[in-house]
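Just so you know, residue 1 is the first one in the sequence shown, and it goes up from there. Everything numeric here is computed off the predicted structure, so don't read it as measured data.
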Amino acid sequence: LNFVFELVGATRTYLSLFEVPDTVREIIDFAFDLNVRVQEAFFAYTPSYLGGTFSNMVQWVPGKVISESVDPFHMTSVEDYEQWGEENVQRMFDHFDGGVLHIHSNGRHLVNAVSRLKGLKAILMLDEKDNPPAFDILPELKQQAGDVPLVVSVDEDAFEYHLNKHTLPGGVFYWVNSTRTVDEVNRIMERVRKYKN
């Protein structure tokens with residue numbers, strides 16, 4: 001559906017779901033074929049590292065893993081995502097070795113639904129104004145995501161506070177912001193390794 005946005009804009013896309021749904025489906029099929037070709041070209045010309053893919057969302061992940069988007073459904077219902085997005089994202093994941101997604105703060109109602117996607121490696125939870133940071137509601141988000149790892153940003157002080165209290169949920173990639181030196185990062189990582197044990 002992102003491709004339809006590019007062609008006619010968001011408002012026209014949403015209206016088209018009701019006015020010309022068959023045309024929208026044709027465009028989605030075209031976009032699927034085009035995206036597969038682009039991704040396959042990327043993997044053909046970009047060397048793999050230890051059999052995995054570098055990702056802007058999870059740094060590195062095993063296999064040929066793609067980044068997908070459910071952005072058009074952030075401002076719609078879960079039912080719209082299930083009708084217009086789920087099958088198409090699943091097709092992309094199935095064609096490769098799965099994928100990663102990001103969810104903006106206005107799309108958090110989708111977490112449970114997208115977590116059902118087979119091959120989903122992680123969900124990057126983005127923070128934006130007018131919504132609490134994902135870290136602040138992490139137990140709720142993790143409950144919705146189930147076994148799917150989440151990726152969240154957190155400042156160093158909050159991370160260390162929860163690290164000390166042993167209240168960091170598992171199954172989460174933590175992007176710790178505001179660390180100042182390599183020594184500081186290494187010091188925190190020593191405590192993270194002990195926390196895990």
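- Look at Glu190 and Arg187 and you find no salt bridge, because none of the NZ, NE, NH1 or NH2 atoms lies under 4.0 Å from a carboxylate O.
- Phe73 and Asp80 get closest at one heavy-atom pair: CE2-O, 3.6 Å.
- For the pair Lys194 (side chain) and Met189 (backbone), a donor-acceptor distance under 3.5 Å is absent.
- Ile66 contributes atom CD1, which lies 9.0 Å from atom CG of Leu101 (distance to the nearest 0.5 angstrom).
- The nearest pair of heavy atoms linking Ile137 to Pro132 is CG2-CG, 4.2 Å.
- Separation of atoms CG (Leu150) and OH (Tyr174) is listed at 9.0 Å; rounding is to 0.5 Å.
- Taking OG of Ser48 as the start and NZ of Lys64 as the end, the distance is 8.0 Å to the nearest 0.5 Å.
- Qualifying salt bridge (charged side-chain N to carboxylate O under 4.0 Å, His left out) partners for Glu79, counting only residues two or more places apart in sequence or in other chains: none.
- To the nearest 0.5 Å, atom CG of residue Asn88 and atom CZ of residue Phe32 are 8.5 Å apart.
- Between the side chain of Ser55 and the backbone N or O of Gln59 there is no donor-acceptor pair closer than 3.5 Å.
- Residues meeting the salt bridge (charged side-chain N to carboxylate O under 4.0 Å, His left out) test with Asp22, sequence neighbours left out: Arg25.
- How far CG of Leu7 is from CG of Asn2: 11.0 Å, rounded to the nearest 0.5 Å.
- Within the structure, side chain to side chain donor-acceptor pair (under 3.5 Å) pairs that include any residue of residues 26-45 comprise Asp29-Arg91, Glu40-His95 (at least two apart or interchain).
- Considering all non-hydrogen atoms of both residues, Ser153 and Asn177 come closest at CB-ND2, 3.6 Å.
- Partners of Gln90 according to the side-chain hydrogen bond (donor to acceptor under 3.5 Å, both in side chains) rule, which considers only residues two or more places apart in sequence or in another chain, are Asp94.
- Residues passing the side chain to side chain contact (heavy atoms under 4.5 Å, CB included) test with Tyr49, sequence neighbours excluded: Phe54, Trp60.
- Nearest heavy-atom pair, Phe43 versus Thr53, reported as atom, atom and distance to 0.1 Å: CE2-OG1, 3.6 Å.
- Taking a 4.5 Å side-chain heavy-atom cut-off between Ile, Leu, Val, Met, Phe, Trp and Tyr, the cluster of Val151 extends to Met57, Val58, Val61, Val65, Val100, Leu124, Leu126, Phe173, Trp175.
- By the side chain to side chain contact (heavy atoms under 4.5 Å, CB included) test, His74 is found to be paired with Val70, Asp71, Ile103, His104, Asn106, Leu110, residues two or more places apart in sequence or in another chain being considered.
- Applying the salt bridge (charged side-chain N to carboxylate O under 4.0 Å, His left out) rule to Glu6 yields no partners; only residues at least two apart in sequence or on another chain are considered.
- Remark: Phe5 engages Ala10, Thr13, Tyr14, Pro72 in a side chain to side chain contact (heavy atoms under 4.5 Å, CB included) (not counting sequence neighbours).
- In this structure, Arg191 CZ and Asn164 CG are separated by 4.5 Å, a value rounded to the nearest 0.5 Å.
- With sequence neighbours excluded, no residue forms a side-chain hydrogen bond (donor to acceptor under 3.5 Å, both in side chains) with Asp157.
- For the pair Leu1 and Leu17, the minimum side-chain heavy-atom distance is below 4.5 Å.
- Residue pairs satisfying the side chain to side chain donor-acceptor pair (under 3.5 Å) criterion with at least one member in residues 110-122, sequence neighbours excluded, are listed as follows: Glu82-Arg116.
- Every salt bridge (charged side-chain N to carboxylate O under 4.0 Å, His left out) that Asp127 has, sequence neighbours left out, goes to Arg108.
- Nearest approach of Asn56 to Ser67, heavy atoms of both residues: OD1-OG, 3.7 Å.
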